[in-house]
> 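Got a structure here, written out as structure tokens. Questions coming.
Throughout, protein chains are lettered first and strands after them, A, B, ... in sequence-line order, and every chain is numbered starting at 1. A quick note: this is a predicted structure, and the numbers were derived from the prediction, not measured. Keep in mind that the numbers below use all heavy atoms, side chains included, and drop hydrogens, waters and symmetry copies.
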Amino acid sequence: MDYKPHLIEKKWQKAWYENDAFKAIDFDERPKYYALVEFPYPSGDGLHVGHIRAYTSLEIIARKRRMEGYNVLFPIGFDAFGLPTENYAIKEKIHPRKVTDANIKVFTKQLQRVGFSFDFSRVVDTTDPEYFRWTQWIFIQLYKKGLAYRSKTYVNFCPSCKVVLSNEESQGGHCDRCDSTVEQKEKEVWFLKITEYAERLLEGLETLETLPRIRLEQENWIGRSEGAHIIFDVLGTESRLEVFTTRPDTLFGATFMVIAPEHPLIDAQAEQITNLAAVRHYQQSARLKTEFERTQLIKDKTGLKLDGLMAENPGTGEPIPIFVADYVMMGYGTGAIMAVPGHDERDYDFAKAHDLPIVEVIAGGDIKQAAYTDTETGILINSGFMNGLSVDAAIDAMIKHLEKTERGHRAVNFKMKDWAFNRQRYWGEPIPIIHCQDGTMVPVDEADLPVTLPEVEAFEPTDSGESPLANIKAFTDVSCPTCGEMARRETDTMPQWAGSSWYFLRYTDPHNNTQLADLEKLKYWLPVDWYNGGMEHVTRHVIYSRFWNQFLYDIGAVPVSEPYKKRTAQGLILGVDGDKMSKSKGNVVNPVEIIEHYGADTLRLYILFIGDYEQPTPWNDSGVKGARRFLDKVWRLYDHVDDQVETEAHERLLHQTIDAVDKDIEHVKFNTAIAKLMTLVNELSKAETIAKDTYITLLKLLNPFAPHIAEELYARLGHKETLVHASFPKADPDKMTERNVTVVISVNGKVRDKMTVAKDLDDEALKALVFDNERVHKFLGEDAPKRIIIVKNKLVNIVV
RNA sequence: GCCUGGGUGGCGGAAUUGGUAGACGCGUUGGACUUAAAAUCCAAUGGCAGUAAUGCCGUGCCGGUUCGAGUCCGGCCCUAGGUACCA
């Protein structure tokens, strides 16, 4: 009988899912293993081959761990709030709730057709009020601790999507989704004070097992730098300018100051500024510049002197001018800098453009030509008490001096900014805050959670950039929980990152309706042993969710400070043409079609065989056939199973394969693991008969990759129980070792011949054999060997 | 610009601490089976020269270390991703 995947796959999926074969058991005595994959956004397009690649890695691990005797939690859910659903709903005039439910149904069905061993009894859906009740609850806790606040800022506004975008969503000055040019709009919005956790988020990385580049990306995102805060008096006023600098040693070379266009000093000392009109004009034009213009490669150092104001350099005591220039950002440090043109390239450019004095305070360069920024060998000059010191020593000396004279102090600064936590759309979690008439903000009573979305017909955003919720009186009009007066509900919703920042906690106790998850269950399951997801989520999502977890740990809601032990990221699957898959390019591969044509086992196998898991790699239609052929071979092998005892050669290869497959799986080298299974099957296929035990071992090794065919053949051998909890094979080192080895003979480093000799043959005996070799004589000729290098069981190299 | 990956046959990709370059798969070619095709099986398959044995050349480029380099060192080039006037 032929291999008919569509028949056996349906049969086994039914058997697994109807019998809860993959159910994770709370508090079970077996060791636990928590394997987590990033939950999908259930788009209308259904499952993508990228999803399959993202999940199959931990699918293999989860299936292997169950066979190794672990109590495995391998959950799945849906990150279902978000713009595509909302936009689709607006276009088709269907409620986003209906769209979401339909999409989740399709996704679930498709995931099951692949045969993923998820525990479907623990599915979470971020748009389920029973879920986002706790998202809102967490927000309230953050608010109570002062970690959620409102602030007026300029936000990136997309005039086409009518939505406020984060910096990340408006990179290059264009909207992430529709590509329109982003405008700057002043607005009061919500922020989460993630900066308060910056140091801990950095420290916690030490316990996270991951690729160096993944760790580095997070470190760069957090962007810690050490230096000092220095206070400059603004002469003749009460105002002071505080700056952050990593180079306090260069203070004596600070010949002017620069503040960001948004800096409050301008308003505070407006009356002193004699060219105020021009300054106002400069501020205006800076605001109109898009992010793109402000950061594009041609970085003209525009700027304007604040006439009428001077600052005092606390090092030299000299008065120095103050400029406003848009190369200084309000969002980093204090929004003001001390400019040291001699030793900073940007300040150098600005000084040259505005004809300002350049003072050399670090010897070693030529400041007539360029700023000198070498901190390794530079020696301080023109710097009073620091003269003659190295840069390192001078930094230290200056900080001590500043602290003694109370002109400044040692400081650490972070590039990471507070998390803009808002969206002006319908399809998101309402922020559970009530604005009382008297101007105060009151969190919604926890007993009144969840704040649900009103049932409405229209969820289009308003032209003003306000959430569509702002127009719905039934939603906005409430009485204040503290004073009972008329009040108005917050109408902003949370960004999509909210629900995904804690979903891994909910999986441990998904149906709890008194708390986000039971602490004992969290204690049992956490931390996540292995988390896999996209490279693109390696910074923001991982940092955001670690932040929430650390906060929840601080308030005692979660038992561990760091939620993840290990993080991996799969590479992209590209189209056949090597480009990113996209509808517009028409190079999207639909996994369901592959399943219909070849079967789910073939799809799983091929996607893992396609290349290095962590590297991007193009799809290849005929490559899929190879995976199918391999399964056909495994199927046909069944007819050759016999009750004989296995030959020694087969046994050796089998144990070598067990060992290699085991190691390759753990090292995320699924492609080579499969290659080794193929080698084994090729070898077994050559024999007339193979032993039943050998075949069973093969099926067990294959089971994590292609579980349907493995189960079917295993059952046909007469087994009543499934392979789900069958024991995973263990390699026996004694049965792995070869009796003979091939030794390479080379002359002057060039391979000339090979010999098969007994393993661990001693050097003298080996030498004798080598000098008996005809080809060696040919290549040696008359020359006497100068040196002989022997690498045991590997090679002999003769140097002449 | 800076940071991090990656450049290996016609293609996807393998190669412990430096020690047989090209595992495995695809494709291609030839053969077997078949009325025929598909499927399957067998064989060959880095390049050049040669009837062959065999020899020479080959892991982005240039140079170095070494008995020996895809692997280590120095200097470039290309490419993908991240980040960007970060003080």
Side-chain angles (χ1 to χ4, degrees), chain A residues 2 171 211-217 219-221 223-225 227 243-247 250 258 260 291 294-297 299-301 325-329 331-340 344-347 349-350 413-417 535-536 538-539 571-572 574 576 578 580 605-606 609-612 614-627 629-630 632-633 636 663 669 671-682 685-686 742-754 775 778 785-800:
Chain A
D2 284 345
Q171 285 183 4
L211 288 177
R213 66 187 163 125
I214 292 179
R215 182 190 318 276
L216 245 142
E217 242 175 67
E219 281 171 6
N220 290 344
W221 182 267
R224 183 183 197 273
S225 56
V243 304
F244 171 76
T245 175
T246 54
R247 297 295 303 279
T250 60
V258 185
E291 188 85 4
R294 239 172 121 162
T295 57
Q296 68 183 321
L297 286 174
K299 285 158 183 164
D300 292 333
K301 293 289 179 290
D326 63 9
Y327 82 89
V328 172
M329 305 289 156
Y332 184 78
T334 61
I337 62 161
M338 62 176 214
V340 184
D344 180 283
E345 278 164 33
R346 292 152 302 165
D347 298 345
D349 292 347
F350 190 85
N413 195 54
F414 293 93
K415 187 159 78 185
M416 185 168 68
K417 293 172 193 145
M535 198 59 207
E536 65 276 19
V538 139
T539 36
L572 233 49
L574 309 168
V576 183
K580 225 181 218 177
L605 206 62
Y606 175 65
F609 186 64
I610 194 169
D612 187 313
E614 298 179 304
Q615 230 47 65
T617 179
W619 182 266
N620 180 340
D621 285 317
S622 53
V624 184
K625 276 189 251 169
R629 275 183 204 158
F630 166 69
D632 282 327
K633 272 190 200 175
R636 275 187 258 119
K663 284 182 179 140
K669 300 288 176 198
N671 53 337
T672 52
I674 293 167
K676 278 152 195 166
L677 286 174
M678 286 173 169
T679 307
L680 175 67
V681 168
N682 288 344
S685 299
K686 287 178 191 161
T742 304
V743 170
V744 169
I745 305 166
S746 59
V747 177
N748 285 338
K750 290 199 176 187
V751 178
R752 295 305 180 185
D753 204 1
K754 294 158 195 179
R775 291 184 50 78
K778 189 180 156 200
K786 222 190 272 175
R787 212 176 133 187
I788 298 168
I789 290 142
I790 296 177
V791 181
K792 214 170 195 54
N793 296 329
K794 268 203 178 143
L795 108 173
V796 178
N797 186 21
I798 304 163
V799 188
V800 291

> Counting only Watson-Crick or G-U wobble pairs whose two distances fall under 3.5 Å, which nucleotide matches B:A15?
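None - no nucleotide pairs with B:A15, as no candidate has both distances under 3.5 Å.
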> From NZ of A:Lys415 over to P of B:A87, roughly how many Å is that when rounded to an integer?
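Checked: the NZ to P distance equals 8 Å.
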> Under a 3.5 Å distance rule, please check whether A:Tyr606 uses its side chain to pair with a backbone N or O of A:Asn620 as donor and acceptor.
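Answer holds: yes.
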> Which nucleotide wins on minimum distance to the side chain of A:Thr245, given the candidates B:C41, B:C85, B:A87?
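Of the options given, the side chain of A:Thr245 lies nearest B:A87.
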> Considering only atom P, compute the distance from B:U35 to B:U51 and round it to an integer number of Å.
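These two P atoms come out 40 Å apart once rounded.
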> Should B:C2 form a Watson-Crick or G-U wobble pair with both distances under 3.5 Å, which nucleotide is its partner?
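The answer is B:G82, by the H-bond criterion.
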> Calculate the interatomic distance between A:Glu219 atom CD and B:U4 atom P; express it in whole Å.
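From A:Glu219 CD to B:U4 P: 11 Å.
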> Identify whether any heavy atom of A:Ile789 sits under 4.0 Å from a base atom; if not, whether one sits that close to sugar-phosphate; answer base, sugar-phosphate or nothing.
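Base contact.
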> I'd like the C1' distance from B:U79 over to B:G27, given in whole Å.
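Result for the C1' pair: 25 Å, nearest Å.
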> What integer distance in Å separates A:Lys633:NZ from B:C41:C1'?
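Rounded to the whole Å, the gap is 10 Å.
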> Could you say whether A:Arg346 or A:Lys676 is positioned toward the 5' end of RNA chain B, judged by the nucleotide with the nearest heavy atom to each?
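Taking each residue's closest nucleotide, the earlier one in sequence belongs to A:Lys676.
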> Tell me what A:Ile610 touches on the nucleic acid: a base, only sugar-phosphate, or nothing, going by heavy atoms under 4.0 Å.
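Since only primed, P, OP1 and OP2 atoms lie under 4.0 Å of A:Ile610, the category is sugar-phosphate.
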> Counting only N and O atoms by type, is there a donor-acceptor contact under 3.5 Å from the side chain of A:Asn797 to the main-chain atoms of A:Gly749?
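The answer is yes, because a donor-acceptor pair under 3.5 Å joins these two groups.
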> Establish, with yes or no, whether the OP1 or OP2 oxygen of B:G13 is under 4.0 angstrom from a side-chain nitrogen or oxygen of A:Thr617.
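Yes, such a contact exists.
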> A:Glu614 versus A:Leu211: any side-chain heavy-atom pair under 4.5 Å?
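A side-chain contact under 4.5 Å exists here.
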> From the set B:G25, B:A23, B:C85, return the single nucleotide nearest to any side-chain atom of A:Thr672.
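Nearest to the side-chain atoms of A:Thr672, counting from C-beta on, is B:A23.
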> Looking only at side-chain atoms of A:Gln615, point me to the closest of B:G6, B:C56, B:A87.
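Side chain of A:Gln615 sits closest to B:G6.
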> Tell whether A:Lys301 reaches the base of B:C85 with its side chain through a donor-acceptor pair below 3.5 angstrom.
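Between B:C85 and A:Lys301, which were checked side chain against base, a qualifying N/O pair under 3.5 Å is present.
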> Where does B:G9 land, syn or anti, given syn is within 90° of 0?
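Syn conformation for B:G9.
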> Once you apply a heavy-atom cut-off of 4.0 Å, does A:Val751 come out as touching a base, just sugar-phosphate, or nothing?
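The residue A:Val751 makes sugar-phosphate contact but no base contact.
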> For A:Arg215 and B:U83, give me the distance from atom CZ to atom C1', rounded to whole Å.
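The answer, rounded to whole Å, is 19 Å.
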> Can you tell me the Watson-Crick or wobble partner of B:G70, both distances under 3.5 angstrom?
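Its partner is none (no Watson-Crick or G-U wobble pair with both distances under 3.5 Å).
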> Establish, with yes or no, whether the OP1 or OP2 oxygen of B:U40 is under 4.0 angstrom from a side-chain nitrogen or oxygen of A:Arg629.
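For B:U40, OP1 or OP2 has a side-chain N or O of A:Arg629 closer than 4.0 Å.
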> For A:Arg752, report the nucleic acid contact type (base, sugar-phosphate, nothing); a contact means any heavy atom under 4.0 Å.
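Sugar-phosphate, no base atom in range.
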> Contact class for A:Asp347 vs. all strands (heavy atom < 4.0 Å): base, sugar-phosphate, or nothing?
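The residue A:Asp347 makes no contact with any strand.
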> Check every atom of B:G19, B:G25, B:G27 against the side chain of A:Phe609 and return the nucleotide holding the closest atom.
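Side chain of A:Phe609 sits closest to B:G25.
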> With rounding to whole Å, what would you report as the distance between B:C72 and B:G19 at their C1' atoms?
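The answer is 14 Å between these two C1' atoms.
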> Using a cut-off of strictly less than 4.0 Å, decide whether A:Arg787 has a side-chain nitrogen or oxygen near OP1 or OP2 of B:C67.
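Checking A:Arg787 against B:C67: at least one side-chain N or O falls below 4.0 Å of OP1 or OP2.
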> Select base, sugar-phosphate, or nothing to describe what A:Pro212 touches, counting heavy atoms under 4.0 Å on all strands.
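Result for A:Pro212 = nothing.
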> Nearest whole angstrom, please: distance from the P of B:C3 to the CD of A:Glu217.
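Going from A:Glu217 (CD) to B:C3 (P), I get 15 Å.
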> Between B:C61 and B:A69, how far apart are the P atoms? Round to whole Å, please.
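Nearest-Å result for B:A69 against B:C61 at atom P: 15 Å.
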> Need the pair for B:A21. Rule: Watson-Crick or G-U wobble, both distances under 3.5 Å, any strand; none if unpaired.
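In the structure as shown, B:A21 has no Watson-Crick or wobble partner.
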> How close or far is atom P of B:G12 from atom CE of A:Met678, stated in whole angstroms?
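Whole-Å distance recorded here is 17 Å.
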> Roughly how many Å apart are B:C48 and B:C11, using the P atom of each and rounding to a whole number?
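15 Å, rounded to whole Å.
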> Considering only heavy atoms from C-beta outward, does the side chain of A:Ile788 approach that of A:Val796 to under 4.5 Å?
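A:Ile788 reaches A:Val796 side chain to side chain.
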> With nearest nucleotide decided by heavy atoms, which residue, A:Thr679 or A:Asn671, maps closer to the 5′ end of RNA chain B?
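The residue whose closest nucleotide sits nearer the 5' end is A:Asn671.
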> Heavy atoms under 4.0 Å, any strand shown: does A:Asn682 hit a base, just sugar-phosphate, or nothing?
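Sugar-phosphate contact only.
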> Using the side-chain heavy atoms of A:Ser622, tell me which of these nucleotides is nearest: B:C3, B:A87, B:G27.
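Looking only at side-chain atoms, A:Ser622 lies closest to B:G27.
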> What's the spacing between A:Lys415 NZ and A:Tyr332 OH if we round to 0.5 Å?
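One finds 8.0 Å between NZ of A:Lys415 and OH of A:Tyr332.
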> As a test of reading the structure: which of B:U4, B:U20, B:G12 is closest to the side chain of A:Thr742, going by heavy atoms?
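Per side-chain heavy atoms of A:Thr742, the pick is B:U20.
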> Using only atom types and a distance under 3.5 Å, with no angle test, would you say the side chain of A:Asp753 pairs donor to acceptor with the backbone of A:Ile745?
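A pair under 3.5 Å: no.
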> Using Watson-Crick or G-U wobble geometry with both distances under 3.5 Å, which nucleotide pairs with B:G55?
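Check on B:G55: paired to B:C48, both distances under 3.5 Å.
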> Would a 4.5 Å heavy-atom cut-off, applied to side chains only, mark A:Thr250 and A:Asp344 as touching?
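Counting from C-beta outward, A:Thr250 and A:Asp344 never come under 4.5 Å.
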> Taking atom P in both B:G9 and B:A14, what distance in whole Å separates the two?
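So the two P atoms sit 14 Å from each other.
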> Out of B:C56, B:G19, B:G27, which has the shortest distance to the side chain of A:Lys625?
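Closest of the options to the side chain of A:Lys625: B:G27.
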> Check every atom of B:C26, B:A87, B:U16 against the side chain of A:Lys794 and return the nucleotide holding the closest atom.
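The answer is B:U16, which lies nearest to the side chain.
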> Please give me the minimum heavy-atom distance between A:Val340 and A:Asp347, naming the atom from each residue.
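Shortest heavy-atom contact: N-OD2, 2.9 Å.
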> Please report the distance separating the P of B:G68 from the corresponding atom of B:C77, rounded so that it comes out in whole Å.
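B:G68 and B:C77 have their P atoms separated by 30 Å.
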> Looking only at the side chain of A:Asn797 (C-beta and beyond, no hydrogens), which of the listed nucleotides B:G13, B:C67, B:C86 gets closest?
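Output: B:C67.
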> With side chains defined as the heavy atoms from C-beta onward, is the minimum distance between A:Asn682 and A:Lys686 less than 4.5 Å?
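Result no, sub-4.5 Å side-chain heavy-atom pair not found.
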> B:U4 P sits how many Å from A:Trp221 CH2, rounded?
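For the pair A:Trp221 CH2 and B:U4 P, the rounded distance is 19 Å.
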> Taking any strand in view, what nucleotide pairs with B:U35 in a Watson-Crick or G-U wobble way, both distances under 3.5 Å?
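Check on B:U35: unpaired, no WC or wobble geometry under 3.5 Å.
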> When the P atoms of B:U66 and B:A84 are considered, how many whole Å apart are they?
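Rounded to whole Å, the distance is 45 Å.
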> Could you check whether A:Lys792 gets within reach of a base, just the sugar-phosphate, or nothing at all, counting any heavy atom under 4.0 Å?
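Nothing, no nucleic acid heavy atom in range.
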> If we only count heavy atoms from C-beta on, is the A:Glu217 to A:Met535 side-chain gap below 4.5 Å?
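Counting from C-beta outward, A:Glu217 and A:Met535 do come under 4.5 Å.
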> Give none if B:G10 has no partner; otherwise give the nucleotide forming a Watson-Crick or G-U wobble pair with it, both distances under 3.5 Å.
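Base partner found: B:C26.
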> Among B:C85, B:C86, B:G25, which nucleotide sits nearest the side chain of A:Asp326?
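The answer is B:C85, which lies nearest to the side chain.
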> Would you kindly give the OH-to-C1' distance between A:Tyr606 and B:C24, to the nearest whole Å?
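These atoms are roughly 13 Å apart.
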